[in-house]
Protein chains: 2
Amino acid sequence: MSTAERKAREKEALKMLILKGAKKLFLERGIEQTTIRNIADEIDYSVGTVYVYFKDKNAILHDLHSIGFQELGGYFIELFAIKDPMERLKKMGFTYLKFAMENSEMYDLMFIVKAPMEFIESSDNQAWNEGADTFNALKKTVEECMNQGHFEGHSLEALSFMIWSLVHGMCCLEIRQRTKGVKFSNPDTILSEGYNEYLKIIKKL
Amino acid sequence: MSTAERKAREKEALKMLILKGAKKLFLERGIEQTTIRNIADEIDYSVGTVYVYFKDKNAILHDLHSIGFQELGGYFIELFAIKDPMERLKKMGFTYLKFAMENSEMYDLMFIVKAPMEFIESSDNQAWNEGADTFNALKKTVEECMNQGHFEGHSLEALSFMIWSLVHGMCCLEIRQRTKGVKFSNPDTILSEGYNEYLKIIKKL
DNA sequence: ATTAAAAAATGAACACTGTTCAAAAAATAT
DNA sequence: ATATTTTTTGAACAGTGTTCATTTTTTAAT
């Protein structure tokens with residue numbers, strides 16, 4: 001049946017169209033300021049149609065959150081070409097930070113907003129695979145560093161978690177505006193200064 | 001005028017009652033799930049009254065956010081009795097983490113939720129003084145450590161920012177559920193394991 | 001080409017949200 | 001006891017996510 005196949009394609013296409021419209025509005029006006037009606041208007045469909053393709057708003061947020069991980073994957077690709085794990089770890093921090101700053105709304109959705117996680121909890125598929133994959137990429141690099149004699153006396157998993165926390169913490173403070181309030185001597189450079197410290201820190205470990 | 005004074009006291013008391021009711025509901029059902037009508041019901045007043053005492057919901061969130069900083073201050077008091085700055089820095093990390101875990105909803109409001117910051121931006125009082133004070137307490141301790149010869153080659157402000165980021169990052173990942181998805185070999189102990197790594201890290205710097 | 005059946009799209013309606021503001025109630029001053 | 005000021009109220013408004021009977025469109029069969 002060719003028609004059934006075509007219908008399946010069209011269904012998928014409309015689902016993507018909704019996600020595309022949603023993402024556009026998210027980047028324009030933020031996640032919280034975007035309503036289902038806005039999204040429906042954007043793509044010239046009715047509210048009801050959106051609900052045919054997505055169970056609820058959290059489902060849209062979750063799918064967009066997954067798209068964000070694909071995009072982060074794109075940023076990470078070149079990292080895997082770097083053979084020296086220590087060098088890769090340094091660049092990984094930079095890349096992660098770069099992604100977060102260039103795609104702050106998506107980063108927010110991926111790592112800060114509650115909604116996508118609530119969707120994961122409510123769905124059968126319990127695990128947060130995208131996040132686990134990202135963390136494992138970091139963990140693997142840290143492991144290679146340890147195999148080369150770095151990070152003596154540290155626990156692989158806990159240290160990886162700390163490195164993630166360190167970089168995520170910077171992103172989080174920046175994106176959720178907690179760096180603006182604290183008067184740094186130079187607010188514009190605090191992130192790159194922070195990255196310099198990150199380099200110094202892992203060099204000393 | 002004695003009546004005027006009493007009225008001022010009563011006004012203040014009602015304001016506090018509203019905040020108390022709001023906080024109770026926040027801890028019970030979360031910030032997002034608490035409505036102005038809920039708060040009004042809780043303290044047996046009407047919605048309108050709440051709006052006499054607070055400009056909008058963000059104003060309530062901001063005041064509660066300030067109360068949170070007072071509470072964090074309570075946790076921090078004992079730290080200032082510790083003379084050795086390195087010891088103080090270690091305990092500070094523990095205390096911060098402890099506060100975040102024991103008061104996660106308040107921590108969320110203080111360091112993650114956007115609303116209180118939006119209120120600060122919109123008000124005349126531009127600065128986030130509570131946050132600045134907290135950061136300065138950390139910075140001062142790091143400075144004392146440097147004066148004792150620790151952290152050679154590091155920038156005071158940037159390193160302080162990194163330490164804050166590290167601990168905040170842990171809190172943030174935990175509170176916003178990003179540690180549940182990543183399958184740690186022992187999810188229950190990852191925070192204390194992380195804290196152990198924190199100790200090892202600053203010892204090596 | 002016409003008609004019957006299935007699929008897709010619709011938007012009014014529901015229960016909720018934050019917010020406002022004229023009116024009512026209570027407290028104070030005369 | 002009356003007039004004035006202050007405080008409290010809750011109906012009303014515009015907006016939200018969500019549902020679902022109805023309409024429109026598409027497909028299949030004659």
Side-chain angles (χ1 to χ4, degrees), chain A residues 1-19 21-22 25-26 28-65 109 113-116 118-119 122-123, chain B residues 1-19 21-22 25-26 28-65 109 113-116 118-119 122-123:
Chain A
M1 276 267 167
S2 177
T3 54
E5 282 174 24
R6 199 201 68 232
K7 283 224 169 188
R9 273 202 310 275
E10 284 174 353
K11 249 188 89 169
E12 195 60 26
L14 183 44
K15 197 164 185 175
M16 288 306 175
L17 185 68
I18 293 170
L19 289 173
L25 295 176
F26 281 2
E28 274 175 21
R29 35 163 104 189
I31 294 163
E32 303 211 318
Q33 279 67 46
T34 301
T35 80
I36 306 287
R37 282 173 184 83
N38 292 155
I39 297 169
D41 277 3
E42 173 71 26
I43 58 171
D44 295 314
Y45 276 89
S46 70
V47 259
T49 303
V50 176
Y51 279 91
V52 171
Y53 290 83
F54 293 93
K55 185 182 144 280
D56 56 22
K57 200 184 178 184
N58 279 1
I60 299 177
L61 259 37
H62 176 263
D63 274 23
L64 231 39
H65 150 280
L109 192 56
V113 169
K114 280 176 177 168
E118 284 165 5
F119 181 82
S122 74
S123 81
Chain B
M1 278 266 169
S2 176
T3 54
E5 280 174 26
R6 199 199 71 233
K7 283 224 167 185
R9 274 202 310 275
E10 284 175 353
K11 248 189 90 169
E12 195 58 26
L14 183 45
K15 197 165 185 175
M16 287 307 175
L17 185 69
I18 293 169
L19 288 173
L25 295 176
F26 281 3
E28 274 175 21
R29 34 163 105 190
I31 294 164
E32 302 211 319
Q33 279 67 46
T34 301
T35 81
I36 306 287
R37 282 174 184 81
N38 292 155
I39 298 169
D41 278 2
E42 173 71 25
I43 57 170
D44 295 314
Y45 275 88
S46 70
V47 259
T49 303
V50 176
Y51 277 92
V52 171
Y53 289 84
F54 292 93
K55 187 179 143 281
D56 55 23
K57 199 184 180 184
N58 279 2
I60 300 177
L61 261 38
H62 177 263
D63 274 24
L64 232 39
H65 150 282
L109 192 56
V113 168
K114 279 177 177 167
E118 283 165 5
F119 181 82
S122 73
S123 79

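Note on naming: letters A, B, ... go to the chains in the order of the sequence lines (proteins, then strands), and numbering restarts at 1 for each one.
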TODO: Start with the C-alpha gap between A:Leu19 and A:Tyr53, add the side-chain angles, then the distance that decides, and say whether side-chain contact (heavy atoms from CB on, under 4.5 Å) holds.
DONE: CA-CA 10 Å; A:Leu19 289 173; A:Tyr53 290 83; over 6 Å; no
Task: Atom pair distance, as rounded to whole Å: NZ in A:Lys11 and P in C:dA8 - done: 6 Å
TODO: Answer with base, sugar-phosphate or nothing: what part of the nucleic acid does A:Phe54 contact at a heavy-atom distance below 4.0 Å?
DONE: nothing
Open item on the list: A quick test of your reading: do over 12 heavy atoms of other residues, nucleotides or ligands sit less than 6.0 Å from CD of B:Glu32?
Closed with: no
Open item on the list: Expressed as a whole number of angstroms, how long is the span from A:Glu32:CD to D:dG15:P?
Closed with: 18 Å
Task: Nearest-angstrom distance from the residue atom OH of B:Tyr45 to P of C:dA25 - done: 17 Å
Task: Nearest-angstrom distance from the residue atom CG of A:Leu17 to C1' of C:dA8 - done: 15 Å
Open item on the list: With a 3.5 Å distance limit and no angle check, can you tell me whether A:Asn38 reaches the backbone of A:Thr35 through a side-chain donor-acceptor pair?
Closed with: yes
Open item on the list: I need the B:Arg37 CZ to B:Ile39 CD1 distance, nearest 0.5 Å.
Closed with: 11.5 Å
TODO: Using a 4.0 Å heavy-atom cut-off, write out nucleotides 18-26 of chain D from 5' to 3' as B (base contacted by protein), S (sugar-phosphate only) or - (no contact).
DONE: BB-------
- [ ] Mind calculating the distance between CD (A:Gln33) and P (C:dG18) to the nearest angstrom?
- [x] 15 Å
- [ ] Looking at every strand, decide which applies to A:Ile39 at a 4.0 Å heavy-atom threshold: base, sugar-phosphate, or nothing.
- [x] nothing
TODO: Specify the closest pair of heavy atoms between A:Lys15 and A:Asp63, including all atoms of both residues, with the distance to one decimal.
DONE: CE-OD2, 4.0 Å
TODO: Give the rounded distance in Å between these two atoms: NZ of B:Lys15 and P of D:dT7.
DONE: 13 Å
Open item on the list: Rounded to the nearest 0.5 Å, what separates atom CG in B:Leu17 from atom OH in B:Tyr45?
Closed with: 7.0 Å
TODO: Pick base, sugar-phosphate or nothing for B:Leu14, based on heavy-atom distances below 4.0 Å to the nucleic acid.
DONE: sugar-phosphate
Open item on the list: Nearest whole Å is fine: how far is D:dT7 C1' from B:Glu10 CD?
Closed with: 10 Å
